[in-house]
There are 2 protein chains.
Amino acid sequence: MSDRRTEIVRAATRVIARRGVRGLRVGELAAEAGVSTSLIYYHFTDRAGILRETLEFIGERADRYTAEPDRENPGNDPRTELEQALLLELQDAAEVRENSTAWGELRASAVFESSLRDDLARATHSWVHEIAGLLGRTHPAGTAPAHAASAERLTALLEGLSVRWLSGSLSLDQARRLLGEAIDAELAYARAGHGRSD
Amino acid sequence: MSDRRTEIVRAATRVIARRGVRGLRVGELAAEAGVSTSLIYYHFTDRAGILRETLEFIGERADRYTAEPDRENPGNDPRTELEQALLLELQDAAEVRENSTAWGELRASAVFESSLRDDLARATHSWVHEIAGLLGRTHPAGTAPAHAASAERLTALLEGLSVRWLSGSLSLDQARRLLGEAIDAELAYARAGHGRSD
DNA sequence: GTCTATAGGACGATAGAC
DNA sequence: GTCTATCGTCCTATAGAC
């Protein structure tokens with residue numbers, strides 16, 4: 001991908017985080033990227049093309065920073081890694097907030113735009129799989145289906161808490177605390193036997 | 001509220017469920033309600049007014065059917081009532097799906113429209129409180145703050161599962177099963193002592 | 001590849017009659 | 001209260017020069 005395309009996609013991520021998917025105006029994106037409107041159409045054909053590539057970019061970036069939980073902080077136990085991988089997405093850092101907001105928008109938009117559903121389901125599945133892997137290392141006695149179910153719950157809860165935070169119904173601290181406790185509850189539930197093969 | 005106003009608000013709920021808050025066009029709403037565009041402006045002043053009253057209506061309707069969990073089915077134990085109150089929102093019945101969709105849209109829109117936040121936070125709080133009350137009856141030994149935390153998690157999870165369902169990342173059956181297990185996990189977590197005063 | 005300029009349409013909102 | 005007709009703006013997308 002050319003530098004320009006990448007610049008525009010990054011700019012689109014910022015605009016979506018600021019205005020939402022359905023608030024994205026091609027003109028505003030052009031201003032944000034410092035290019036003309038028509039250049040955007042040259043590269044992306046139409047508004048849907050912008051969205052498609054941007055949402056792909058967001059999915060990949062989210063993957064990247066959950067899939068590399070501890071480049072700087074290796075040697076942690078699996079429980080800590082799991083907690084960090086999830087709590088990473090509840091932070092007030094600009095890039096994280098941008099990603100969370102844009103991801104939430106992707107999710108909400110897909111309810112009405114079926115063209116986004118496949119990408120979204122794929123990205124969701126890969127994320128759930130990632131978390132299920134961490135759960136497997138945290139609780140090796142559990143079964144894969146049980147880990148998948150726990151991962152689905154924890155990631156869905158994270159999305160729910162995230163949008164409550166971003167929409168002003170919940171403080172960031174509360175959201176983080178609630179998610180931490182949910183991890184405890186899931187692990188206890190697994191240890192209590194719901195993760196064994198039966 | 002006059003009949004006409006009510007009709008229009010109901011029509012708006014249907015349009016929002018079909019197109020989203022940001023996909024709602026005043027012209028389409030007029031057609032759906034079988035009235036002229038200008039009549040809508042006569043009653044609601046502007047587009048924001050339509051949204052405000054419609055979202056209020058949605059909040060009230062949601063309240064109504066979670067606050068009356070068992071008119072037809074009384075005498076159930078609290079655990080069943082709790083489960084029913086939550087699972088009620090994961091159904092493929094037209095009105096429920098409409099409400100879930102519109103509620104999700106309200107949530108997603110509030111990320112970018114601060115004018116919706118107060119109403120939303122209020123409605124969320126009242127819902128969480130409702131569920132916390134049911135948790136209290138299910139597990140009387142627990143503390144109120146612990147019930148509030150569990151209720152916040154269960155309702156946030158429900159929102160997360162609901163949007164995954166509506167956006168095609170999760171089947172309805174799976175969503176219902178995952179929520180049911182989450183209730184089990186929360187109750188086990190509470191019984192394990194995290195709900196006691198300490 | 002990138003720009004300026006603008007066509008063309010959709011949409012929110014209002015005017016004014018009944 | 002309700003309608004028909006329409007204004008003005010904003011926005012997507014394209015034409016055409018460089």
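Here is the naming used below: chain letters follow the sequence lines, and residue numbers restart at 1 for every chain.
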(message) Whether A:Asp184 and A:Arg79 form a salt bridge (side-chain N of Lys/Arg under 4.0 Å from carboxylate O of Asp/Glu) is what I want to check.
(response) yes
(request) Check whether any side-chain N or O of A:Glu105 sits under 3.5 Å from a backbone N or O of A:Val21 as a donor-acceptor pair, and report yes or no. (result) yes
(message) Need two values: the first and the last nucleotide of DNA chain D, 5' to 3', having an atom under 4.0 Å from any heavy-atom of chain A.
(response) D:dC11 to D:dA15
(message) Check this for me: does any side-chain nitrogen of one of B:Arg176 and B:Asp173 sit under 4.0 Å from a carboxylate oxygen of the other?
(response) no
(request) With a 4.0 Å heavy-atom cut-off, tell me which residues in residues 30-39 of chain A come close to DNA chain D, sorted by residue number. (result) A:Ser38
(request) Could you go through the side chain to side chain contact (heavy atoms under 4.5 Å, CB included) check for B:Leu161 and B:Trp165 one step at a time? (result) CA-CA 6 Å; B:Leu161 291 172; B:Trp165 161 45; over 6 Å; no
(message) Could you check whether B:Arg52 pairs with B:Glu56 (Lys NZ or Arg NE/NH1/NH2 to Asp/Glu carboxylate O, under 4.0 Å)?
(response) no
(message) Determine whether a donor-acceptor pair (N or O, by modelled atom type, separation under 3.5 Å) exists between the side chain of A:Ser126 and the backbone of A:Arg122.
(response) no
(request) Check whether any side-chain heavy atom of A:Leu187 lies under 4.5 Å from a side-chain heavy atom of A:Thr138, and answer yes or no. (result) yes
(request) Ignoring hydrogens and angles, state whether a donor on the side chain of B:Arg107 or B:Ser162 is under 3.5 Å from an acceptor on the partner side chain. (result) no
(request) Could you tell me whether a side-chain N or O of A:Glu181 sits under 3.5 Å from a main-chain N or O of A:Leu178, the two making a donor and an acceptor? (result) no
(request) May I ask you to establish whether A:Arg5 and A:Phe44 are in a cation-pi arrangement, using a distance under 6.0 Å from NZ or CZ to the six-membered ring centre and at most 45° from the ring axis? (result) yes
(request) May I ask you to list the residues of residues 15-29 of chain A, by number, that have any heavy atom positioned under 4.0 Å from an atom of DNA chain C? (result) none
